[in-house]
Amino acid sequence: MHYHDLLLQPLKQLLADYPWLEDFFSSFGLQLQVTEQTLQQYLNQLDPDQLLDLGISQEQLQQSLHDFMAGMLALDEAAEKVESLTIIGGFDKTGSAEQLELTLKPGEVICIVGPTGSGKSRLLADIEWVAQGDTPTKRKILINGGVPDNKWRFSTEHKLVAQLSQNMNFVMDLTAEEFVRMHAESRLVPDPEEKVARILEQANQLAGEQFKPDTPVTSLSGGQSRALMIADMAILSKSPIVLIDEIENAGIDRKKALELLVKQEKIILMATHDPILALMGDKRLVIKNGGIAKIIESSDAERKNLSRLEELDNTLLALRNRIRFGETLEEL
Amino acid sequence: MHFLTVSGPPSSGKTSVILRVIEALQAKQKKIGVVKYDCLMTEDDLSYAKKGVLVKKGLSGSQCPDHYFVSNIEACVSWGVENNCDFLISESAGLCNRCSPHIKDITAVCVIDNLSGINTPRKIGPMLKSADIVVITKGDIVSQAEREVFASRVKQVNPGAVIMNINGITGQGAFELTTLFEGASDIETLKGMRLRFSMPSALCSYCLGETRIGDEYQTGNVRKMES
Ligand SMILES: Nc1nc2c(ncn2[C@@H]2O[C@H](COP(=O)(O)OP(=O)(O)OP(=O)(O)O)[C@@H](O)[C@H]2O)c(=O)[nH]1
Ligand SMILES: Nc1ncnc2c1ncn2[C@@H]1O[C@H](COP(=O)(O)OP(=O)(O)O)[C@@H](O)[C@H]1O
Ligand SMILES: [Mg+2]
Ligand SMILES: [Mg+2]
Ligand SMILES: [Zn+2]
Ligand SMILES: [Zn+2]
């Protein structure tokens with residue numbers, strides 16, 4: 001529906017169809033009433049002095065309403081399908097050409113390895129920015145084989161990339177359930193309540209220790225927060241590409257977490273030195289001096305070792321649990 | 001000369017973000033001037049001077065710093081032009097949420113941080129609501145979902161703005177922000193320009209609703225920076 005048509009609808013109808021309108025107006029300190037008045041009539045009768053006190057002009061309010069509705073309605077549109085992501089090499093920090101063209105497809109997991117300062121985060125940032133030779137690395141990123149629309153760069157509705165970053169702290173004063181609901185509502189997903197329940201359930205399956213829906217997000221453990229963020233991303237995010245910047249540490253079932261994300265047919269790139277995650281990846285990009293120096297395909301021999309690594313990991317986990325429950329480790 | 005007004009709540013990361021942008025612009029051999037406005041004291045001018053950019057600072061004392069800003073900014077723009085700056089950036093702390101230094105047709109940036117609470121975007125007036133670019137800092141301290149929720153609250157009160165997450169310490173995102181600075185308003189003078197929103201309540205002509213810039217419009221308690 002067009003903005004101008006919306007203006008002519010009665011508030012009663014609008015609030016039923018677009019409940020987020022109420023919150024939009026209340027964010028400016030205005031309250032919409034469920035009446036037969038049209039939105040246009042409501043706007044026209046607003047007192048200029050009241051608006052002045054609220055720090056907004058009639059003109060700005062209408063402009064914001066227009067932009068906000070356009071954004072909200074765009075959330076409903078299907079995002080363009082990403083069938084492939086191509087990285088065209090640029091130059092490393094010494095100026096040598098990377099000389100590579102690498103195409104990634106949905107469902108693939110690519111690991112990015114290399115020492116601190118080597119350029120792992122920069123590579124992820126190049127992808128997020130859909131670089132076109134305009135970043136320090138001079139890399140180019142193609143989507144579906146072509147130069148993508150500039151809108152990917154600044155869009156908040158159709159973000160190309162969802163990032164799961166190192167830090168998983170919360171500062172908001174909300175419970176886990178309230179937090180996820182607020183996130184789901186901001187995404188305008190259909191049936192938010194069902195999504196919220198599913199996210200909490202998934203997160204509890206990934207987390208080592210269970211948490212309740214009314215646990216404040218600020219008191220979740222590191223593992224629980226990470227589990228919540230992964231479940232949240234898998235279920236709420238429509239972004240076709242997922243970037244994970246160094247999530248090591250235990251406290252969550254990493255294998256299940258990765259499987260959950262892979263199931264959503266996303267392209268996953270992750271900077272990691274965790275051997276289990278690295279072997280679960282299809283390829284490893286080795287970064288040196290700001291450039292992709294080598295591409296390693298996970299070999300069958302390596303894959304065979306994966307189960308041994310998992311055993312080692314489980315052994316450590318069991319020891320961790322024994323410590324947690326007050327046992328001693330005099331005998332392993 | 002490209003001119004941008006940067007404002008935001010105290011300690012939101014304005015200086016950090018501007019410094020990261022300065023680094024990116026200096027790599028392209030650009031000449032930069034910064035004007036810092038504050039109320040009681042600031043050491044930001046020292047941080048800028050260390051980067052080798054031209055700096056001017058003004059302290060408003062008992063006046064609302066935004067009223068003080070608008071009484072002085074025209075002269076600062078002339079100063080930037082006289083010194084052949086490619087970029088002039090003003091930094092002002094939004095101490096009163098009702099006033100805002102943003103000027104029509106001048107690229108306006110608001111810096112706000114992820115730690116300030118989900119209701120803060122609603123509490124800040126025209127400084128946030130009329131900005132062209134909203135920079136959100138300190139994303140490194142919170143989770144990605146919290147960043148998204150916070151950004152959606154910002155988008156609700158300023159849906160037309162470009163909203164970017166920048167890390168003021170590592171500079172992540174600053175390169176991308178710099179491309180927007182390079183496309184910012186390009187001017188030689190502020191003559192004839194107007195504020196985006198009036199600044200009522202206080203003592204000078206701007207308190208009375210004046211939006212025009214220029215000495216002839218300034219009456220009452222007007223303070224001038226030392227030149
Ligand atoms: N963790 C983190 N800290 C930041 C970030 N950006 C800024 N800071 C820190 O926040 C504090 C305030 O940053 P400033 O850049 O001085 O903030 P400001 O808005 O210029 O402050 P005033 O000019 O005093 O109003 C400093 O200690 C910065 O190091 C960020 O992205 N992440
Ligand atoms: N090819 C390159 N050319 C120039 N600078 C680069 C290149 N790759 C990375 N850098 C810079 O090197 C620094 C460290 O890179 P970063 O991605 O943060 O490393 P890591 O995440 O591996 O620790 C950053 O400032 C980044 O912009
Ligand atoms: Mg890194
Ligand atoms: Mg500062
Ligand atoms: Zn004021
Ligand atoms: Zn005044």
Side-chain angles (χ1 to χ4, degrees), chain A residues 20 23-24 26-29 52-57 60-61 63-72 121-122 124-125 128-129 131 134-136 153-154 156-157 159 162-174 179-180 182-183 185-187 217 220 225-226 228-229 232-233 236-237, chain B residues 24 27 97-100 113-119 121-130 133 138-165 167 170-176 178-180 196-201 209:
Chain A
W20 37 262
D23 203 41
F24 172 80
S26 81
S27 73
F28 287 93
L52 193 66
D53 280 347
L54 293 170
I56 185 125
S57 65
Q60 279 177 330
L61 181 65
Q63 183 65 47
S64 289
L65 178 61
H66 172 272
D67 294 341
F68 188 71
M69 287 187 131
M72 290 308 254
S121 300
R122 185 64 251 169
L124 297 180
E128 184 167 16
W129 179 243
D134 57 353
T135 66
R153 288 191 165 177
F154 299 110
T156 45
E157 286 82 33
K159 274 180 88 77
Q163 261 223 28
L164 207 57
S165 52
Q166 264 157 305
N167 212 312
M168 295 287 170
N169 295 330
F170 292 95
V171 295
M172 284 183 191
D173 189 14
L174 296 170
F179 178 79
V180 177
M182 188 177 273
H183 194 202
E185 281 170 0
S186 77
R187 286 290 182 91
V217 285
L220 295 175
S225 308
R226 217 162 278 136
L228 184 64
M229 289 305 85
D232 173 279
M233 177 180 272
L236 284 186
S237 171
Chain B
N97 285 338
R98 183 56 185 73
C99 292
S100 143
D113 74 75
N114 270 298
L115 308 183
S116 59
I118 41 174
N119 289 321
R122 296 175 170 215
K123 290 185 212 156
I124 303 176
M127 176 171 81
L128 171 64
K129 290 173 180 151
S130 75
I133 301 168
K138 307 188 191 177
D140 52 316
I141 297 177
V142 299
S143 68
Q144 137 275 333
E146 189 161 341
R147 281 198 297 277
E148 273 182 31
V149 168
F150 191 81
S152 79
R153 306 285 279 192
V154 169
K155 191 168 174 83
Q156 197 172 38
V157 296
N158 189 348
V162 171
I163 300 171
M164 295 185 88
N165 271 285
N167 183 320
T170 65
Q172 191 183 1
F175 165 79
E176 289 77 5
T178 304
T179 64
L180 296 182
R196 294 192 181 196
F197 208 80
S198 63
M199 298 178 178
S201 82

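Just so it is clear: chains get the letters A, B, ... in the order the sequence lines come, proteins before strands, and each one is counted from 1. Values below: every heavy atom of this structure, side chains too, minus hydrogens, waters and symmetry copies.
- Of the options B:V142, B:N114, B:I118, a side chain to side chain contact (heavy atoms under 4.5 Å, CB included) to A:V171 is made by B:V142 and by none of the others.
- If you measure heavy-atom distances from A:M233 to chain B, the contacts under 4.5 Å come from the side chain alone.
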Output, in order, the C-alpha distance, side-chain angles, deciding distance and verdict of side chain to side chain contact (heavy atoms under 4.5 Å, CB included) for B:K129 and A:L54. CA-CA 11 Å; B:K129 290 173 180 151; A:L54 293 170; over 6 Å; no
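- Of the two parts of A:L174, only the side chain, counted from C-beta on, holds a non-hydrogen atom closer than 4.5 Å to a non-hydrogen atom of chain B.
- Residue B:S143 holds its OG atom at 9.0 Å from CG of A:L164, rounded to the nearest 0.5 Å.
- Using a 4.5 Å cut-off between heavy atoms, A:S237 does not touch chain B at all.
- Only the side chain of B:L180 comes within contact range of chain A, with heavy atoms under 4.5 Å apart.
- Across all non-hydrogen atoms, the minimal contact from B:Q172 to A:Q163 is NE2-NE2, 4.1 Å.
- Atom CZ of A:R122 and atom CZ of B:F175 lie 6.5 Å apart (nearest 0.5 Å).
- Heavy atoms closer than 4.5 Å to chain B are found nowhere in A:S225, neither backbone nor side chain.
- Among B:A151, B:G117, B:G160, the residue making the largest number of heavy-atom pairs under 4.5 Å with chain A is B:G160.
- Shown here are the side chain to side chain contact (heavy atoms under 4.5 Å, CB included) partners of A:Q60, two or more places apart in sequence or in another chain: A:I56, A:S57, B:S130, B:F197.
- Two residues are said to be in side-chain contact when any heavy atoms from C-beta on lie closer than 4.5 Å; A:E128 and B:E176 fail this criterion.
- Taking A:S27 as the reference, B:R122, B:Q156, B:V157 meet the side chain to side chain contact (heavy atoms under 4.5 Å, CB included) condition, with sequence neighbours excluded.
- At least one side-chain heavy atom of A:F179 sits less than 4.5 Å from a side-chain heavy atom of B:V149.
- Neither the backbone nor the side chain of A:D173 comes within contact range of chain B, judged by heavy atoms closer than 4.5 Å.
- Heavy-atom distances place no part of B:S100 under 4.5 Å from chain A, backbone and side chain included.
- In this structure, chain A has no heavy atom under 4.5 Å from any part of B:N119.
- Closest non-hydrogen pair, B:K155 versus A:F68, comes out as O-CD1, 4.0 Å.
- Formation of a donor-acceptor pair under 3.5 Å by the B:E146 side chain with backbone atoms of A:M172 is found in this model.
- In this structure, chain A has a heavy atom under 4.5 Å from the side chain of B:M164, while its backbone stays farther away.
- Looking at every heavy atom in both residues, B:S152 comes nearest to A:S186 through OG-CB, 3.3 Å.
- Ionic pairing of A:R187 and B:E148 is present here: one or more N-O contacts between side-chain nitrogen and carboxylate oxygen are shorter than 4.0 angstrom.
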